[in-house]
Amino acid sequence: MSIYDYTVKDNNGQDVSLSDYKGKVLLIVNTATGCGFTPQYDGLQALYVKYAEKGFEILDFPCNQFAGQAPGTDEEIANFCSGRFGVTFKQFHKINVNGKNEEPLYTFLKSQAGGVMGDRIKWNFTKFLVDREGNVVARFPSTKKPEALEDDIEKLL
């Protein structure tokens, strides 16, 4: 299996094949709108603006598994993110990242990250960096701010 073999739902309920992102550097993030890390949306948007033209994409997967910090519908979450943080990168359907109902993409991401930080996602704003060939090259904890990822992103671009 490859990351490009997965299909996910966007925040409008439409299927999106990750093969659409072949040749791009990806940052895949599980997010929440009511979390202490929510201000990281500013840093994520800044990275997206700076590197999108060079082939960089952010894939935002809201997740309500951690203290119920992503309440609301997909539409409400998208409106919050665009209104409060000016988010223009791709947002997807709210998912689970752990447990029996976890999104298969996240099962794959965790398996490819080499067991770093254990198999479970520990909190909101865990980040996976994927190279242009679809390889998961790094996993970053919630505490790692988006701006601290610039060197890693630039190396892949």
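Nothing here was measured: the structure is a model prediction, and the numbers come from that model.
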Walk me through it: do Q40 and K127 pass the test side-chain hydrogen bond (donor to acceptor under 3.5 Å, both in side chains)?
CA-CA 11 Å; Q40 287 190 18; K127 302 155 197 77; 2.9 Å; yes
Kindly assign one of parallel, tilted or perpendicular to the pair F89 and Y48, based on the angle between their ring planes and the thresholds 30° and 60°.
perpendicular
Is the backbone of [Y] close enough, under 3.5 Å, to the side chain of [X] for a donor and an acceptor to pair up by distance?
| X | Y | result |
| --- | --- | --- |
| T38 | A32 | yes |
| Q112 | L109 | no |
| Y4 | G134 | yes |
| E57 | Y21 | no |
| N12 | Q14 | no |
| K110 | V97 | yes |
| D131 | L156 | no |
| N124 | F37 | no |

Non-hydrogen side-chain atoms of [X] and [Y] separated by less than 4.5 Å:
| X | Y | answer |
| --- | --- | --- |
| D15 | K9 | yes |
| D152 | F140 | yes |
| D42 | P146 | no |
| L26 | L129 | no |
| S142 | K122 | no |
| F61 | V8 | yes |

Of the non-hydrogen atoms in [X] and [Y], which two are nearest, and what is the gap between them?
| X | Y | answer |
| --- | --- | --- |
| S17 | T7 | CA-OG1, 4.0 Å |
| E102 | N98 | OE1-CA, 3.1 Å |
| C35 | P39 | O-CD, 4.0 Å |
| Q91 | C81 | NE2-SG, 3.3 Å |

Looking at [X] and [Y], does any basic side-chain N land under 4.0 Å from a carboxylate oxygen?
| X | Y | answer |
| --- | --- | --- |
| E154 | K54 | no |
| K22 | E133 | no |
| D60 | K90 | no |

Trace of the side chain to side chain contact (heavy atoms under 4.5 Å, CB included) decision for V130 with I3
CA-CA 9 Å; V130 179; I3 194 167; 3.9 Å; yes
Strictly by modelled atom types, are N11 and E75 linked by a side-chain donor-acceptor pair under 3.5 Å?
no
Testing the 3.5 Å rule here: is there a donor-acceptor pair between the side chains of T88 and Q45?
yes
Atom [atom1] in [X], atom [atom2] in [Y]: separation rounded to 0.5 Å?
| X | Y | atom1 | atom2 | value |
| --- | --- | --- | --- | --- |
| S111 | D119 | OG | CG | 8.5 Å |
| F128 | I28 | CZ | CD1 | 8.0 Å |
| M1 | F108 | CE | CZ | 7.0 Å |
| T126 | N30 | OG1 | CG | 5.0 Å |
| T73 | K94 | OG1 | NZ | 7.5 Å |
| I58 | T31 | CD1 | OG1 | 11.0 Å |

Grouping I, L, V, M, F, W and Y whenever their side-chain heavy atoms are under 4.5 Å apart, do I77 and F85 come out in a common cluster?
no
Do L157 and V137 share a hydrophobic cluster (ILVMFWY, side-chain heavy atoms under 4.5 Å, transitive)?
yes
For the salt bridge (Lys or Arg N to Asp or Glu O under 4.0 Å) test, which of K155, K144, K50, K145 pairs with E150?
K50
Is there a ring-ring contact (aromatic ring centres under 6.0 Å, His included) between Y41 and F125? Walk through the geometry before answering.
CA-CA 9 Å; Y41 270 117; F125 290 88; 5.5 Å; yes
Between E103 and Y6, does the side-chain hydrogen bond (donor to acceptor under 3.5 Å, both in side chains) criterion hold? Intermediate values first, please.
CA-CA 10 Å; E103 174 64 42; Y6 290 89; over 6 Å; no
